[in-house]
Visitor: 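This is the structure I have questions about; it appears just below.
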Amino acid sequence: MKHLVFMGTGAFALAPLQAIYEHFADRCRLTVFTKAQKPAGRGMKCKPGCVEAFAREKELEVFQPQTLKEESFGETFRALRADLVIVASYGLLLPGYVLDEPEFGCVNIHASLLPEYRGAAPINRCLIDGKEKTGITIMQMDRGLDTGDVLWQKELSLAPEETAGTLFEKLASLGAEMIVEAIPLLEKRAFSLQKQEEARATYAAKITATDQKIDWSRPAAEIFNQIRGLSPLPSAICRTQKDGKRFKIIEARLSDEGAQGAPGEIVSVKPRVVVQCGEGALELLLVQPEGKGKMTAADAVNGRKLVLGEYLS
RNA sequence: CGCGGGGUAGAGCAGUUGGUAGCUCGUCGGGCUCAUAACCCGGAGGUCGUGUGGUUCAAGUCCCACCCCCGCAA
């Protein structure tokens, strides 16, 4: 293995890249592809992506094509003579000329046990669905979206209090460990390819505003899963009755307080902040009012963001 | 120059038409109680983001400049 090409953009890609850099940079050429950051964010500034920042810091060769579709880029890519392409949270579909070129192909590090949760948001979706386990799949890429043959999977069981944030960290580092082990095995062609069972395939679509909105008439257990599956970002959202402003619930837990009230009603503010749900109730722990920073539910009560008897909607 | 909210005691907030700052919680001390995260009394703690800026008899409160935080949108 002389030349490794890493393609990644999202935060999930950083740990694997760092691990590859640590273990292989001294004996392989390492080139990084990452999506160029568009002017964005508050003030429409251009902030560097985490992968780009790391690659530049280590003075790795960086390519940031806006798209790979143009065949003209094929010449440039072929000229790299990549032996293996490793993809993690890249954000661009790889065209045939990339998939077919490297001697050892293109492998993807995906944060689910494929064929379940193909697509953009596997980490969030498995928690929202209340799954008890997930994992990392190292897969040989093909022309479909996360449909390639599986090389290696490792499972991870999910604790009830797992959040998207903690799970993200765990899966990113698991992915990093696995890819470091996988590279030498790939070189020896030691993996056997396993087709994905199409019948079991599910799709983890990107999170939308609708996914974030809390419907308090649903059972507390479901809302709890929604909250942790979206915590800390992008967060589950509702609105306060007082001013109609957005109100994020970052952290909550199931409450056994048998308070009676209508869904969304704040039935207690001390010693615990409890909101009635369609079935059961939730105790709010960490919240974030619009325009403010994260704060404990108790602080929100002190500052009168949350008032006993009012409703969240 | 994308839109918007905000920087006031350790924390979350209030502060009306400008006149030397309040609330809830925490904290410290005391009391009540079998006991307490409950209740009562008392105390400490703030150069009100920065500016040897402007207006004014007087600015947290109006004007200017700058720094920082956050929400939306991408």
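Naming convention: chains lettered A, B, ... in sequence-line order (proteins, then strands); numbering from 1 in each chain. Keep in mind the model is a prediction, meaning the values are calculated, not measured.
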Visitor: Does a donor on one side chain and an acceptor on the other come within less than 3.5 Å for S112(A) and E116(A)?
Guide: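 No donor-acceptor contact under 3.5 Å links the two side chains.
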Visitor: Check the distance between rG71(B)'s C1' and L233(A)'s CG and give it to me in whole angstrom.
Guide: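 That distance rounds to 12 Å.
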Visitor: If the cut-off is 4.0 Å, is K305(A) near the phosphate of rC25(B), judged by side-chain N/O to OP1 or OP2?
Guide: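 No, no such contact exists.
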Visitor: Quick one: look up who rA59(B) pairs with, Watson-Crick or G-U, both distances under 3.5 Å, and put none if it's unpaired.
Guide: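 Partner of rA59(B): none.
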Visitor: Does Q288(A) place a side-chain N or O at less than 4.0 Å from the phosphate oxygens OP1/OP2 of rC70(B)?
Guide: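 Checking Q288(A) against rC70(B): no side-chain N or O falls below 4.0 Å of OP1 or OP2.
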Visitor: Do any N or O atoms of the protein come closer than 3.5 Å to N or O atoms of nucleotides 6-11 of chain B, and which pairs are they?
Guide:
| unit_1 | atom_1 | unit_2 | atom_2 | d |
| --- | --- | --- | --- | --- |
| rA11(B) | O2' | D299(A) | OD1 | 3.3 |
| rA11(B) | O2' | D299(A) | OD2 | 2.6 |

Visitor: Contact class for A298(A) vs. all strands (heavy atom < 4.0 Å): base, sugar-phosphate, or nothing?
Guide: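 Contact class for A298(A): none.
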Visitor: Would E283(A) and R253(A) pass as an ion pair if we require N to O under 4.0 Å?
Guide: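 Yes.
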Visitor: Main chain of K2(A), side chain of D83(A): is a donor-acceptor contact present, judged purely on distance under 3.5 Å?
Guide: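 Yes: the side chain of D83(A) pairs with the backbone of K2(A).
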Visitor: Please work out if M295(A) contacts a base, only the sugar-phosphate, or nothing of the nucleic acid, heavy-atom cut-off 4.0 Å.
Guide: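 Here M295(A) touches the backbone only, sparing every base.
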Visitor: Sticking with atom C1', work out how far rA14(B) lies from rG6(B), rounded to a whole angstrom.
Guide: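 Approximately 14 Å lies between the C1' atom of rA14(B) and that of rG6(B).
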Visitor: Using whole Å, what does the distance between atom P of nucleotide rU36(B) and atom NZ of K270(A) come to?
Guide: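 It is 17 Å, rounded to the nearest whole Å.
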Visitor: Looking for any heavy atom pair under 4.0 Å, which part of the strands does K248(A) touch: base, sugar-phosphate only, or nothing?
Guide: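 Result for K248(A) = sugar-phosphate.
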Visitor: Report the nucleotide, chosen from rA74(B), rA73(B), rU24(B), that has the shortest atom-to-atom distance to any side-chain atom of A40(A).
Guide: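 Given the options rA74(B), rA73(B), rU24(B), the side chain of A40(A) is closest to rA74(B).
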Visitor: State the pairing partner of rC3(B); accept Watson-Crick or G-U wobble contacts with both distances under 3.5 Å, and report none otherwise.
Guide: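 In the structure as shown, rC3(B) has rG71(B) as its Watson-Crick or wobble partner.
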Visitor: Counting any heavy atom closer than 4.0 Å, what does K294(A) reach on the DNA or RNA strands: base, sugar-phosphate only, or nothing?
Guide: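 It contacts nothing in the nucleic acid.
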Visitor: Measure the distance from CZ on R42(A) to P on rC72(B) and round it to the nearest whole Å.
Guide: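 Distance check: R42(A) CZ to rC72(B) P gives 9 Å.
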Visitor: Check this for me: does any side-chain nitrogen of one of E279(A) and R218(A) sit under 4.0 Å from a carboxylate oxygen of the other?
Guide: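 The answer is no: the pair does not qualify as a salt bridge.
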Visitor: What is the separation between atom CZ on R246(A) and atom P on rC3(B), rounded to the nearest whole Å?
Guide: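 Rounding to the nearest Å, CZ of R246(A) and P of rC3(B) are 18 Å apart.
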Visitor: Using a 4.0 Å cut-off on heavy atoms, which residues in residues 223-231 of chain A reach RNA chain B? List them by number, or say none.
Guide: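 Result for residues 223-231 of chain A: none.
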Visitor: With a 6.0 Å cut-off on the ring centroids, do F54(A) and Y21(A) count as close?
Guide: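 Ring-ring flag for F54(A)/Y21(A): true, centres closer than 6.0 Å.
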Visitor: Could you give the CD-to-P distance, from E290(A) to rA73(B), as a whole number of Å?
Guide: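 Nearest whole value for this atom pair: 10 Å.
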Visitor: R272(A) CZ to rA38(B) P: how many Å, rounded?
Guide: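 Going from CZ in R272(A) over to P in rA38(B) covers 12 Å.
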Visitor: Does the structure show a Watson-Crick or G-U wobble partner for rG42(B), both distances under 3.5 Å? Name it, or say none.
Guide: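 Result: rC28(B).
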Visitor: Could you state the atom-to-atom distance from NZ of K245(A) to P of rC13(B) in whole Å?
Guide: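 Whole-Å distance recorded here is 11 Å.
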